[in-house]
Amino acid sequence: RKNLPLLSPQQVELAKMLLEMNQSHLFEHWPEPGVEDDEKREFFDQVARLHASYPGGLASYIKTARELLADSKAGKNPYDGFTPSVPSGETLTFGDDNFIQYEEAGVREARKAAFVLVAGGLGERLGYNGIKVALPIETTTGTCFLQHYIESILALQETSSRLAQGEGPTEIPLAIMTSDDTHSRTIQLLETNAYFGMKPSQIKLLKQEKVACLDDNDARLAVDPNNKYKIQTKPHGHGDVHSLLYSSGLLKEWLGAGRKWVLFFQDTNGLLFKAIPSALGVSAIKEYHVNSLAVPRKAKEAIGGITRLTHQDGRTMVINVEYNQLDPLLRATGNPDGDVNCETGYSPFPGNINQLICLGDGIDYVLYIGQTYLSRGMQTTYVEVASGYFYPSLLGINDSLSYFRYKDSTKTAFKSSTRLECMMQDYPKTLPPSARVGFTVMDTWFAYAPVKNNPEDAAKVPKGNPYHSATSGEMAIYRANSLILRKAGVKVDDPVQQVFNGQEVDVWPRIVWKPKWGLTYSDIKSKVSGNCSITGNSTIALKGQSIYLEDLTLDGALVIDAVDGAEVKVGGSVQNAGWIIENVDFKDTSVPEEVRIRGFKINKVEQLEKTYKEPGKYSLKP
Ligand code: UGB
């Protein structure tokens with residue numbers, strides 16, 4: 001107390017709170033009043049921010065942390081009393097009748113959707129210096145993830161509005177959660193690219209704040225090693241998105257304007273929008289309150305497993321169990337081998353790809369929420385959400401301790417500081433048992449290809465497991481598009497195997513298109529006819545809505561760019577030296593980082609390139 005400078009009444013309250021919460025060590029090494037007073041006030045500014053951004057304030061954060069740390073010390077498993085089993089859900093096969101029916105339903109429903117991209121993560125595992133949404137999804141066109149996502153949403157908006165003739169056009173909103181690590185660079189990316197064609201008013205940025213780090217079992221807040229007037233902070237996890245949607249008023253606004261679905265997605269999955277229409281269709285037809293997208297998952301693969309948990313008291317829920325918890329949970333509940341592949345070659349627990357589709361209107365949840373709060377001795381004043389979409393992280397209900405290690409078996413000191421984290425996929429934990437929580441399993445090849453691992457780590461991935469690198473992410477786009485065109489009747493050559501940055505991958509022809517060219521499988525099929533063929537060395541980029549391939553034989557590179565309203569029929573034989581893939585070493589710093597992390601670059605030797613700037617009907621037959 002004696003070290004404190006003159007404080008405002010609000011700062012005095014914060015100081016009192018910290019002392020009451022046993023945090024006096026924060027002021028211990030402060031000099032007498034009059035020395036470094038500005039730095040001391042800055043300290044209180046940070047405390048005020050941490051206090052305001054956590055539901056229930058800093059005291060609530062410290063209290064929850066103490067409880068969780070005590071559980072951890074006692075070796076208590078958060079899943080104590082629960083037995084895992086394999087849940088059942090919808091499984092989709094790309095292009096079959098069932099899939100097409102769901103896609104149609106999903107596209108119709110899309111006009112009532114709002115999208116939420118969580119992009120606050122720095123991507124430490126990838127080690128890329130920029131923001132992940134600015135990375136090219138593929139280097140044939142150089143389209144970045146954010147551009148692809150926005151163009152996909154715009155394509156959905158356009159098609160869905162067209163199908164709902166008479167109901168008028170719609171604007172599908174997009175919220176992007178950022179953090180201090182990504183916020184300004186996300187704004188810059190949007191501004192320098194004219195929001196990739198979306199109206200600026202359609203996009204809202206929500207910035208998440210970091211949370212305080214914890215130094216010991218008593219939840220003493222960690223002081224920044226480089227600045228004694230700063231509390232060390234780290235990200236709070238993607239679960240922040242729920243409370244931010246609430247506190248910003250955005251969700252209320254969306255629901256008030258008749259939005260029915262909220263779709264959450266992650267920063268680097270270039271295949272995701274191939275799965276969105278059908279998955280939204282599943283949600284709509286089955287009326288799921290929550291629908292998690294999943295893919296077959298190899299045992300112990302570093303993605304969470306969708307699991308049915310049944311408690312001794314009879315409660316059950318379908319929920320993601322993180323990969324580091326699933327194996328021990330299985331072992332502790334009568335499965336001595338833990339998480340192992342079954343006869344399909346995959347774990348029986350589908351892999352969570354953290355794409356959630358939530359239904360936004362289920363009025364009776366409000367009552368349940370009230371009970372949840374009350375049972376925890378919490379204030380019910382927060383419960384003013386007139387919708388089924390509830391905010392579990394509001395009061396830290398879904399917070400858990402971030403992964404950390406003790407220094408030794410006395411479990412008194414930590415190897416490094418920890419903090420509380422929350423995950424967006426924990427949302428169903430707070431729903432009543434009557435909630436319809438389902439999931440939809442898709443084949444990985446068209447639904448999931450994230451870019452998470454740096455080249456060195458990816459090269460160490462055991463054979464048969466996915467690399468999840470920039471290399472595999474890009475190759476997955478070519479493979480998916482090749483397989484889709486094959487299904488639509490085009491003869492596409494088999495891939496060849498090549499090694500880039502120590503990773504062996506299948507290299508398919510480089511086939512890419514804008515979302516508005518092929519939003520759904522039916523769309524794509526309607527644009528391909530006759531005998532078309534594409535050789536393995538070929539590249540084709542379709543950058544227009546109405547480009548029709550008719551009896552096209554391609555052996556080389558072909559790029560067509562057509563404005564809306566220009567209808568182009570492309571056929572005949574296109575043959576040229578094409579675009580060649582060349583190896584690049586990821587350590588070669590003369591090559592831009594976003595290229596060398598893939599291990600290859602594209603040498604554009606020769607191509608046929610046509611641009612149609614005016615609406616009209618055209619025919620290209622070389
Ligand atoms: N993110 C934020 O916006 N803020 C944060 O504080 C942290 C992250 P990671 P993670 O798809 O394979 C998730 O780091 O968390 C954003 C699921 O939990 O890429 O290790 C970040 O920008 C897991 O069950 O993944 O694992 C990114 O967009 C599994 O499904 C997103 O959150 C796994 O993803 C995910 O962050 C997966």
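Atoms within each ligand, like the ligands themselves, are counted from 1 in listed order.
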Worked check of ring pair (Phe, Tyr, Trp, His ring centres under 6.0 Å) between Y448 and F446: CA-CA 6 Å; Y448 188 55; F446 76 89; over 10 Å; no
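- Here the side chains of Y149 and D267 are not in contact, with every heavy-atom distance at 4.5 Å or above.
- Ring-centre distance between F264 and H238: not below the 6.0 Å cut-off.
- A donor-acceptor contact under 3.5 angstrom links the side chains of E474 and T139, judged on distance only.
- Residue, atom and distance of the protein heavy atom nearest to atom 15 (O) of ligand 1 are H238 NE2, 3.0 Å.
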Applying side chain to side chain donor-acceptor pair (under 3.5 Å) to Y79 and T333, what does each step give before you reach the verdict? CA-CA 10 Å; Y79 292 110; T333 50; over 6 Å; no
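- If you check each of V295, D267, I353 against atom 21 (C) of ligand 1, the one with the closest non-hydrogen atom is D267.
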Where do S292 and N352 land on the side chain to side chain donor-acceptor pair (under 3.5 Å) test, with the steps shown first? CA-CA 7 Å; S292 298; N352 163 46; 5.0 Å; no
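- Interface atoms of ligand 1 facing I303, defined by a heavy-atom separation under 4.0 Å, are 12 (O), 37 (C).
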Given E209 and R49, is the salt bridge (charged side-chain N to carboxylate O under 4.0 Å, His left out) satisfied, shown in steps? CA-CA 8 Å; E209 296 295 334; R49 280 198 304 278; 5.0 Å; no
Walk me through it: do Y521 and S278 pass the test side chain to side chain donor-acceptor pair (under 3.5 Å)? CA-CA 10 Å; Y521 178 56; S278 54; over 6 Å; no
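- Ligand 1 has no atom lying under 4.0 Å from any heavy atom of S179.
- Distance alone, capped at 3.5 Å, is enough to place a donor-acceptor pair between the Q208 side chain and the G237 backbone.
- Not a single heavy atom of F265 lies less than 4.0 angstrom from ligand 1.
- Each of the atoms 11 (O), 12 (O), 37 (C) of ligand 1 lies under 4.0 Å from some heavy atom of Y448.
- Residue contacts with ligand 1: G237 is included, with a non-hydrogen atom under 4.0 Å away.
- Of the protein's heavy atoms, Q425 NE2, 2.8 Å lies nearest to atom 18 (O) of ligand 1.
- Against a heavy-atom cut-off of under 4.0 Å, V118 is close to the following atoms of ligand 1: 3 (O), 16 (C), 21 (C), 22 (O), 27 (C), 28 (O), 31 (C), 32 (O).
- Given atom 3 (O) of ligand 1, the protein heavy atom at minimum distance is G120 N, 2.8 Å.
- Close approach of ligand 1 to N352 is summarised as follows: ligand atoms under 4.0 Å from at least one heavy atom of the residue are 23 (C), 24 (O), 29 (C), 30 (O).
- Of all atoms in ligand 1, numbered sequentially from 1 with element shown, those under 4.0 Å from a heavy atom of P235 are 6 (O).
- The protein heavy atom nearest to atom 24 (O) of ligand 1 is E322 OE2, 2.6 Å.
- Atoms of ligand 1 lying under 4.0 Å from at least one heavy atom of K452, given by number and element, are 9 (P), 11 (O), 12 (O), 19 (O), 25 (O), 33 (C), 34 (O), 37 (C).
- For the residue pair S417 / Q232, a side-chain donor-acceptor distance below 3.5 Å is found, with atom types taken as modelled.
- R125 counts as a contact of ligand 1, since one of its heavy atoms falls under 4.0 Å from the ligand.
- Remark: ligand 1 atoms within the under-4.0 Å shell around heavy atoms of A119 are 3 (O), 22 (O).
- Side-chain N/O atoms of Y467 and N501 include no donor and acceptor closer than 3.5 Å.
- Only the side chain of N320 comes within contact range of ligand 1, with a heavy atom under 4.0 Å; no backbone atom does.
- Residue Q208 approaches ligand 1 through these ligand atoms, each under 4.0 Å from one of its heavy atoms: 2 (C), 3 (O), 4 (N), 5 (C), 6 (O).
- Taking the centre of each ring, F273 and F265 come in below the 6.0 Å mark.
- In this structure, the protein non-hydrogen atom closest to atom 35 (C) of ligand 1 is Q266 OE1, 3.3 Å.
- Among all protein heavy atoms, the one lying closest to atom 1 (N) of ligand 1 is G121 N, 3.6 Å.
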